[in-house]
Amino acid sequence: MSNQLSWRYRRFRSLVQRMRTSVALRGWRGTFARISQGLVRRPAEDDSLALLPLGIVTGPLILPTSAAPVVSIVIPVYGKLEYTLTCLQSIAARPPGMAFEVIVVDDASPDESANVLRNVAGLRLLQNEANLGFVGSCNAGAAAARGSVLIFLNNDTQVTTGWAEALVQTFELFPGTGVAGSQLVYPDGRLQEAGAWVFSDASAWNIGRFAQRNDPAYRYAREVDYVSGASLAIPADLFNDIGGFDPAFAPGYYEDTDLAFAVRSRGYAVRYVPGSVVVHAEGISSAAAPESGMKRFQAINLHKLADKWSEVLVRQPLPGTPLATIDRQRRRGTVLVVDISTPDASRDSGSVRLIAMMRLLVAEGWHVVFAPDDGRASERDITALGSLGVEVAARPWHASVPAWIGAHGDDLHAVVLCRHPVAMQYASFVRKQVPGAKIIFDTVDLHFLREERAAEQAASASLSRHAQTTRRQELDLIASSDATFVVSAFERDLLTSLVPSAHVLLLSNIHEAVGRTKGYAGRRDLLFIGGHGHPPNADAMQWMAGDILPALRRIDPSIRIFVAGDVPDDVKASLSSAGLDMLGRIDDLEPLMAQCLASIAPLRFGAGVKGKVNMAMSHGLPVIGSPVATEGMQLANGVDVLVAHAPDDYAMAYRRLASDEALWLALSAHGLENIRNHFSANAARDALRQAIT
């Protein structure tokens with residue numbers, strides 16, 4: 001009885017201490033939310049994770065591995081054969097999308113692991129003569145690895161589709177990353193870890209533990225202090241240069257934290273990767289060791305870590321520092337970006353530009369939150385932006401943009417409001433709610449200028465009156481904003497004369513000079529890039545179908561115009577019957593860029609810089625465009641682009657290109673140079689810095 005009373009007392013003291021720690025770190029609201037999560041009854045497994053049954057192998061287990069791998073997956077095992085087999089089955093069912101190998105290091109298992117695993121096709125099995133523990137087994141597997149990237153994986157895990165690709169891609173998306181770690185989740189679907197913070201006494205806190213794994217707050221890539229060795233990727237050269245996991249932490253515990261500190265001491269970042277989801281039955285891999293054996297190394301190795309990195313740890317947060325404070329300390333501040341809808345790079349050039357802008361802000365150390373005005377963001381949207389380090393604030397997680405600002409305004413440094421309709425809604429609200437935040441109006445293009453030109457094209461008095469209203473509103477916004485982005489030098493100069501006091505910055509389209517993959521020979525036909533939902537594009541499609549294509553076919557009856565972009569079915573049918581090849585939205589334009597003779601941009605009204613022109617030039621594809629399509633882009637007719645006014649001009653321009661290889665090559669080269677000089681990330685970065693800092 002006395003033992004039970006003693007246990008109950010110790011348990012009570014432990015619960016009180018945990019409550020105090022939670023309140024200090026999370027606050028009362030976060031603590032109550034955490035308690036509520038624990039009270040929710042959950043099934044043992046989350047069906048959406050599609051977990052495999054433990055230890056059941058229904059047929060031959062074959063891993064589609066390669067003798068020349070890019071990735072080496074190293075799995076240390078000590079018994080628990082049923083978990084190892086299930087882990088390997090999950091890899092076989094969801095293999096990496098690049099050449100890979102799987103190395104299992106059997107650490108003198110007490111069961112039949114080695115004998116059974118010898119029969120797994122495609123597996124490289126290493127056997128330790130004596131038990132080396134997690135550290136020794138991982139180092140042995142790394143020494144035998146042939147891939148350029150190592151992924152250490154616990155045997156009590158199951159991987160999900162795309163888990164390895166997301167880890168490897170992180171080293172490309174975020175240059176300077178030294179370690180990438182997965183989002184670890186429990187079999188019941190709760191979040192286990194989204195990276196971790198380390199305090200000055202070497203203790204740590206797993207970010208997001210027991211939260212909902214699909215909460216966008218935990219679905220964007222970010223720098224952390226360390227990631228768990230349960231699923232950890234590192235370039236092989238860096239791992240070997242560091243000397244692998246430090247043997248001082250053998251047999252295990254804190255070796256992953258030590259590795260992260262070693263990587264960060266060399267100037268590399270440790271990054272959490274939410275797109276890499278791995279289910280982890282936490283504790284199973286070390287459960288074979290008795291409590292008095294393996295578990296005692298937690299306390300021992302904590303002291304080793306504290307001693308080894310004492311000079312670094314003094315710069316870490318004090319124990320009990322609230323998590324929100326740590327978040328604020330680790331980033332420059334938050335930049336909120338609001339647009340009409342979630343950007344999609346396959347949909348329009350404005351999305352390409354906005355995504356590139358947000359990537360530049362993330363690279364500058366800002367915490368970037370994107371909020372769609374319509375409140376909608378698909379799972380695909382959240383995953384895509386999250387992989388770039390951008391958090392998404394949308395329903396159902398946030399009721400509205402004002403609601404998000406009300407909850408997170410304290411950390412808000414700047415708000416970028418994209419397009420006139422969005423800025424009209426939120427500019428004054430932001431100024432009153434968060435007076436210290438900078439308001440940046442991103443025009444995308446000057447709406448009033450586009451509307452004025454549309455009114456002139458249609459000879460419409462009502463459109464003209466509407467354009468004048470937009471002009472007054474837009475100019476007022478520009479005058480009251482801390483900075484305004486425009487996409488062309490023409491628009492910048494226009495605003496300088498209309499609003500002399502405004503801080504107007506040129507931040508044009510952002511493109512990589514991809515270059516051409518195919519030469520001149522064999523090319524024919526024309527490519528139009530753009531969706532029908534944008535009025536200038538809709539007008540251009542009708543003009544191409546009614547007048548330009550007939551003029552082209554008078555010189556070559558077989559000429560085709562391919563249209564790559566969203567078009568309603570009823571409109572698509574009418575345009576197709578008129579001779580246009582309606583392809584719909586195309587995710588990869590490269591095959592068309594390599595096939596067509598030129599890109600066509602017959603826009604009769606509009607404003608800003610035209611992404612369709614940039615996109616073609618970035619691939620080295622010459623452009624035949626109208627004066628509206630080519631204005632403000634530092635393009636010279638006959639040098640960088642061919643400018644056409646009437647349908648017959650487009651036909652003559654096509655004929656010139658079809659018969660003059662030297663002209664085609666010159667336009668291709670000059671277009672690429674134009675992209676490098678005027679539409680690079682460096683130019684955009686300078687404008688962002690001026691506006692935000």
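Fair warning: this is a prediction, and the values are worked out from it, not measured in the lab.
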Any side-chain heavy atom of M617 sitting closer than 4.5 Å to one from M633? yes
Donor-acceptor pair, distance only, cut-off 3.5 Å: does the side chain of T342 make one with the backbone of P372? no
Side chain to side chain donor-acceptor pair (under 3.5 Å) partners for T177, two or more places apart: R271
Within a strict 4.5 Å, meaning less than it, do heavy atoms of the I548 and I600 side chains meet? yes
On a heavy-atom basis, which atom in S618 and which in L672 lie closest, and how many Å separate them? O-CD2, 3.3 Å
Under the side-chain contact (heavy atoms from CB on, under 4.5 Å) criterion, do V362 and Y220 qualify, and how do the steps go? CA-CA 11 Å; V362 170; Y220 64 94; over 6 Å; no
By the side chain to side chain donor-acceptor pair (under 3.5 Å) test, which pairs, at least two apart or in different chains, include something from residues 638-659? R554-D648
Answer yes or no: does atom CG of D570 have more than 12 heavy-atom neighbours from other residues, nucleotides or ligands under 6.0 Å? yes
Quick check: do K610 and V623 have side-chain heavy atoms less than 4.5 Å from each other? no
Quick one: do M358 and V416 satisfy side-chain contact (heavy atoms from CB on, under 4.5 Å)? Show the steps, please. CA-CA 10 Å; M358 292 192 289; V416 181; over 6 Å; no
Keeping the roles fixed (side chain from D344, backbone from S351), state whether a donor-acceptor pair exists under 3.5 Å. no
What pairs with S501 under side chain to side chain donor-acceptor pair (under 3.5 Å), at least two apart in sequence or on another chain? none
Output for pair (E661 CD, R523 CZ), nearest 0.5 Å, gives 11.0 Å
Mind running side-chain contact (heavy atoms from CB on, under 4.5 Å) on L665 and R516 for me, showing each step along the way? CA-CA 10 Å; L665 290 171; R516 58 179 183 265; 3.7 Å; yes
Using a 6.0 Å cut-off, check whether atom CZ of R585 has over 12 heavy atoms from anything other than its own residue. yes
Are T693 and W366 close enough that some pair of their side-chain heavy atoms sits under 4.5 Å apart? yes
Out of curiosity, S574 OG to M541 CE, how far, rounded to the nearest 0.5 Å? 10.5 Å
Between the main-chain N or O of G531 and the side-chain N or O of D566, is there a donor-acceptor pair closer than 3.5 Å? no
Where at least one partner belongs to residues 378-387, residue pairs that pass side chain to side chain donor-acceptor pair (under 3.5 Å), sequence neighbours excluded: R219-E379, R219-T383, S378-D381
Between atom CG of L498 and atom CG of L494, what is the distance when rounded to the nearest 0.5 Å? 4.5 Å
Report yes if some heavy atom in the side chain of I624 is under 4.5 Å from a heavy atom in the side chain of L657; otherwise report no. yes
Euclidean distance, S480 OG relative to R431 CZ, rounded to 0.5 Å: 7.0 Å
Let's go through T334 and D411 carefully: what are the C-alpha distance in whole Å and the side-chain angles of both, what is the deciding distance for side chain to side chain donor-acceptor pair (under 3.5 Å) to 0.1 Å, and is it a yes or a no? CA-CA 6 Å; T334 297; D411 193 35; 2.7 Å; yes
Is R328 salt-bridged to D410, cutoff N-O under 4.0 Å? no
Any side-chain heavy atom of F429 sitting closer than 4.5 Å to one from V401? no
Quick test of your reading: applying side chain to side chain donor-acceptor pair (under 3.5 Å), list the pairs with at least one residue in residues 414-428, sequence neighbours left out, ordered by first then second residue. D339-R419, D373-Q425, D373-Y426, H420-Q473
Does E474 reach the main-chain N or O of F448 with its side chain, forming a donor-acceptor pair under 3.5 Å? yes
For L360, the side chain to side chain contact (heavy atoms under 4.5 Å, CB included) test, sequence neighbours excluded, returns I510, A681, A684, R685, L688
Look up atom OG1 in T484 and atom CD1 in I439, then write down how far apart they are to the nearest 0.5 Å. 10.5 Å
Looking at residues at least two apart in the chain, or sitting in another chain, which of them share a side chain to side chain donor-acceptor pair (under 3.5 Å) with S488? none
Under the rule for side chain to side chain contact (heavy atoms under 4.5 Å, CB included), what residues qualify as partners of A384, not counting sequence neighbours? none
Evaluate the side-chain proximity of N537 to L603: yes if any heavy-atom separation is below 4.5 Å, no if none is. yes
Counting only N and O atoms by type, is there a donor-acceptor contact under 3.5 Å from the side chain of N637 to the main-chain atoms of V643? yes
Does any part of the side chain of V415, heavy atoms only, come nearer than 4.5 Å to the side chain of V434, both counted from C-beta? no
Assess whether atom CD of E512 is packed by more than 12 heavy atoms of other residues, nucleotides or ligands within 6.0 Å. no
Would L495 and V486 satisfy side-chain contact (heavy atoms from CB on, under 4.5 Å), going step by step from the backbone distance to the final call? CA-CA 9 Å; L495 291 182; V486 293; 3.5 Å; yes
Quick check: closest heavy atoms across S481 and F441, and the distance to 0.1 Å? OG-CB, 3.5 Å
Closest non-hydrogen atom pair between A601 and A629, with its separation: O-CB, 3.3 Å
Closest approach of L354 to V337 (non-hydrogen atoms, all atoms of both residues): CD1-CG1, 3.7 Å
Is the side chain of Y272 donor-acceptor paired with the backbone N or O of Y218 at a distance under 3.5 Å, no angle test? yes
Do any pairs count as a ring-ring contact (aromatic ring centres under 6.0 Å, His included) and have a residue in residues 510-535, sequence neighbours left out, and if so which ones? Y520-W664
Using the side chain to side chain donor-acceptor pair (under 3.5 Å) rule, collect all pairs that involve residues 389-400, keeping only residues at least two apart or in two chains. H367-E391
Per-pair distances, 0.1 Å, donor-acceptor, side chain in residues 591-599, under 3.5 Å, sequence neighbours excluded:
from : atom 1 : to   : atom 2 : distance (Å)
S599 : OG     : L527 : O      : 3.2

For A687 and L506, which heavy atoms make the closest approach, and how far apart are they? CB-O, 3.6 Å
Could you tell me whether a side-chain N or O of H413 sits under 3.5 Å from a main-chain N or O of I692, the two making a donor and an acceptor? yes
Less than 6.0 angstrom from the centroid, inside 45 degrees of the normal: does R560 satisfy that with respect to the ring of F562? no
Which distance, rounded to the nearest 0.5 Å, do you find between the CG of D482 and the CD1 of I440? 7.5 Å
Over all heavy atoms of both residues, which pair between S464 and A455 is shortest? Give the atoms and the distance, please. N-CB, 3.5 Å
Can a donor-acceptor pair be found, under 3.5 Å and without considering hydrogens, that links the side chain of R553 to the backbone of I559? yes
E165 side chain to G97 main-chain N or O, any donor-acceptor pair under 3.5 Å? yes
Does anything in residues 449-463 pair up under salt bridge (Lys or Arg N to Asp or Glu O under 4.0 Å), and if so which pairs, sequence neighbours excluded? D445-R450, E452-R471, R453-E631
Are any side-chain N or O atoms of H408 and backbone N or O atoms of W404, one a donor and one an acceptor, separated by less than 3.5 Å? no
Charged N to carboxylate O below 4.0 Å: is that the case for E364 and R689? yes
